[in-house]
Amino acid sequence: MAMAEQKGMEGERTRGRRSTSTSTSTTSTNVVCSSRGALLLRADDEVVDPKKYLEESCKPKCVRYLRAYEACENRVNEDETGHKHCTGQYFDYWSCIDTCVAPKLFEKLK
């Protein structure tokens with residue numbers, strides 16, 4: 001068969017069929033675990049700050065300070081004078097988290 005005849009037959013076979021190819025764009029997220037166990041998320045090759053994830057992992061270690069802060073909030077909510085505050089307890093809680101996060105975070109920066 002000649003090339004023109006083969007092309008003509010292929011055209012007849014594909015007539016009446018619709019092309020079903022669609023083009024969609026997807027955003028992929030790669031999860032990379034470092035050798036130290038910290039989690040770095042990459043979405044479209046952008047590195048996400050690991051501090052948020054390290055803070056979440058340290059929060060269970062600082063429950064005592066969180067409970068003290070929550071108890072203070074309850075006392076302040078009951079106060080009608082408006083003079084009480086929980087700034088000390090708030091800073092104690094976040095100081096605990098920062099103390100836990102700092103060594104792990106600076107380890108990554110070296």
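Considering every non-hydrogen atom in both Pro103 and Thr99, the closest pair reads CD-O, 3.2 Å. In terms of heavy atoms, Cys72 sits closest to His85 at SG-O, 3.8 Å. When all heavy atoms of Lys51 and Val101 are compared, the pair lying nearest together is CG-CG1, 4.3 Å. Between Lys59 and Trp94, the shortest heavy-atom contact is CE-CH2, 4.2 Å.
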Next on the checklist: Run Tyr69 and Glu73 through side-chain hydrogen bond (donor to acceptor under 3.5 Å, both in side chains) and show every step you take.
Outcome noted: CA-CA 6 Å; Tyr69 175 66; Glu73 278 186 321; 3.2 Å; yes
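Atoms NZ and CG, from Lys61 and Leu66 in turn, are 15.5 Å apart once rounded to the nearest 0.5 Å. With rounding to the nearest 0.5 angstrom, the CG atom of Asp49 is 7.0 Å from the CG atom of Leu105. In this structure, CG in Leu54 is found 6.5 Å from NZ in Lys104, a value given to the nearest 0.5 Å.
Remark: Cys100 SG to Cys62 SG, distance not under 2.5 Å. Cysteines Cys58 and Cys96 are not disulfide-linked, with SG atoms at least 2.5 angstrom from each other.
Tyr65 is linked by a ring pair (Phe, Tyr, Trp, His ring centres under 6.0 Å) to nothing, counting only residues two or more places apart in sequence or in another chain.
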